[in-house]
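Computed from heavy atoms alone, side chains included, the values below leave out hydrogens, waters and symmetry copies.
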Amino acid sequence: MHTMSRMGDVLAGFHAAWEFESDSVLIRYERGIRTPKLFQALGERRVPLEAISGVTLSPGKRGTVVLRAELRPGADPLLEAAAGQLKEGCDPYRLVLPAERDALAEYYADELRGLLTADGEPAERFLVAAPEAPRQFKAYDAKASFDGKTVHFRWFWTGASSAKWKAGDQSFPVGELSGVEWRSPEVFEGHLRLLRRSAAQEAAQAVQVDQDPAAVVFGLGYGPVHESLPFAAAVLAAVRGAGAAAVVSAGAPRRDPADIAERIRHLGELHQAGLVTDEEFSVKKAELLAEL
């Protein structure tokens, strides 16, 4: 059995430090002008060992090495919401170190591997805590806010479409939602769409996001990753939590086949775009089909 030389060992790299505990790794992110804004927004993340399926160590750029924790699918609401869209430099589970610390990094990688018991199977629930509510951010066409129970969209007259103005400001209790669809503001047509449990969801999905009252669109300087992604993750975790509570109280209902089909279609688009690996596609598709 591998054990750390002592609990509380700390391995510091660029932008973050990993503190190794008996049952988790605490990642503390630095605050500084060179630190990615997403890391600064997260502050720190405690990652239970049961959420980690593997650890890799590889050469980095410009005389560095990269220690990376690989998380089980479904273990982290932030990664679930991101759906593979995060750039490498914003991966919260990469620790970049100077190349001369390669031997020390290898030691910790080996020690950590010896403590892992998960084999990469999807997690049945989120194991890493979501960013806490309340949260808010400004999209191009609305101010989005979330108090932990309800998502609110307040439209901006300078950006919102006439369809959204006609619909009026929107409020969505998490109990009425089935998930979120986040498209990075760093890509064309970035947006955050709330997925509803109602039968109207399929029709809503066919509507352009700038016309959908359940979606806000991003634009240059509006809805940046470090604000909109933690928001999406917090909503997703609350939605899953509400769903789990409903299952406990009323038994597990069958999922709407149209909703499952749409999610599989979206997953296929991510796969074709190279944002999801073959293995991730197969695992997630099987997970969705199992919900029918």
**Asked** For G168, does its backbone N or O pair with a side-chain atom of W155 as donor and acceptor, under 3.5 Å?
**Response** yes
**Fill in**
In F14, Y93, Y29, the residue satisfying ring-ring contact (aromatic ring centres under 6.0 Å, His included) with F39 is Y29
**Request:** Rounded to the nearest 0.5 Å, what's the gap from CD1 on I27 to CZ on R94? Could you check?
**Result:** 12.5 Å
**Request:** Determine the minimum heavy-atom distance between R183 and Q85, stating which atoms define it.
**Result:** CA-OE1, 3.4 Å
**Prompt:** Does R197 reach the main-chain N or O of L177 with its side chain, forming a donor-acceptor pair under 3.5 Å?
**Reply:** yes
**Fill in**
Output for pair (L236 CG, L78 CG), nearest 0.5 Å, gives 10.0 Å
**Request:** Check step by step if salt bridge (Lys or Arg N to Asp or Glu O under 4.0 Å) holds for E106 and R113.
**Result:** CA-CA 10 Å; E106 183 63 53; R113 290 186 192 108; 3.5 Å; yes
**Message:** I'd like to check L71 versus L79 (side-chain heavy atoms, cut-off strictly below 4.5 Å). Are they in contact?
**Reply:** yes
**Item:** Modelled atom types, side-chain donor and acceptor of H152 and Q136, under 3.5 Å
**Value:** no
**Prompt:** CD/Q211 to NZ/K166 distance, rounded to the nearest 0.5 angstrom?
**Reply:** 9.5 Å
**Message:** Does any part of the side chain of W182, heavy atoms only, come nearer than 4.5 Å to the side chain of S228, both counted from C-beta?
**Reply:** yes
**Item:** Reported OH-to-CG distance for the pair Y108 and L95, which is rounded to 0.5 angstrom
**Value:** 11.5 Å
**Asked** Can you hop from L42 to V96 via hydrophobic side chains spaced under 4.5 Å?
**Response** no
**Request:** Determine the minimum heavy-atom distance between V209 and K164, stating which atoms define it.
**Result:** O-NZ, 3.1 Å
**Message:** Using a 3.5 Å distance criterion without hydrogens, assess whether the side chain of R135 forms a donor-acceptor pair with backbone atoms of E132.
**Reply:** yes
**Complete:** Shortest non-hydrogen pair, L49 vs L116, comes out as O-CD2, 3.8 Å
**Prompt:** Is a side-chain donor or acceptor of E80 paired with a backbone partner of G74 at a separation under 3.5 angstrom?
**Reply:** yes
**Request:** Give a yes or no answer on whether the side chain of H191 reaches the backbone of E189 with a donor-acceptor pair at less than 3.5 Å.
**Result:** yes
**Prompt:** Taking all non-hydrogen atoms of both residues, which atom of V174 and which atom of A242 are closest, and how far apart?
**Reply:** CG2-CB, 4.2 Å
**Request:** Return yes if some donor-acceptor pair links the side-chain N/O of S24 with the main-chain N/O of E21 below 3.5 Å, else return no.
**Result:** no
**Message:** Is there a side-chain contact between D76 and V47 in this structure, where contact means two heavy atoms from C-beta onward sitting under 4.5 Å apart?
**Reply:** no
**Request:** Nearest 0.5 Å please: distance from the OG atom of S184 over to the CG atom of L192.
**Result:** 12.0 Å
**Request:** Please check if the distance between the ring centroids of F137 and F231 is under 6.0 Å.
**Result:** yes
**Request:** Please report the C-alpha distance between D212 and R196 in whole Å, then the side-chain angles of each, then the deciding distance to 0.1 Å, and finally whether the salt bridge (Lys or Arg N to Asp or Glu O under 4.0 Å) criterion is met.
**Result:** CA-CA 12 Å; D212 184 357; R196 288 159 286 179; 3.6 Å; yes
**Fill in**
Distance col, row L97:CG vs L57:CG, nearest 0.5 angstrom, shows 8.0 Å
**Request:** Answer yes or no: is there a donor N or O on one side and an acceptor on the other, between the side chain of D141 and the main chain of V217, under 3.5 Å?
**Result:** yes
**Message:** Side chains of P59 and V66, heavy atoms from C-beta outward: is any pair under 4.5 Å?
**Reply:** no
**Request:** Flag the pair D91 / R68 as yes when at least one side-chain heavy-atom distance between them is below 4.5 Å, and no otherwise.
**Result:** yes
**Message:** Taking the ring centre of each residue, are Y140 and F156 less than 6.0 Å apart?
**Reply:** no
**Prompt:** Taking all non-hydrogen atoms of both residues, which atom of A238 and which atom of F146 are closest, and how far apart?
**Reply:** CB-CZ, 3.6 Å
**Prompt:** Ignoring hydrogens and geometry, is there a side-chain-to-backbone donor-acceptor pair from T64 to P98 under 3.5 Å?
**Reply:** no
**Prompt:** With under 30° as parallel and over 60° as perpendicular, where do the rings of W18 and F20 fit, or are they tilted in between?
**Reply:** perpendicular
**Message:** Show the nearest heavy-atom pair for residues E19 and V10, with the distance to one decimal.
**Reply:** CG-CG2, 3.9 Å
**Request:** Please determine, by modelled atom types, if R72 and S53 share a side-chain donor-acceptor pair under 3.5 angstrom.
**Result:** no
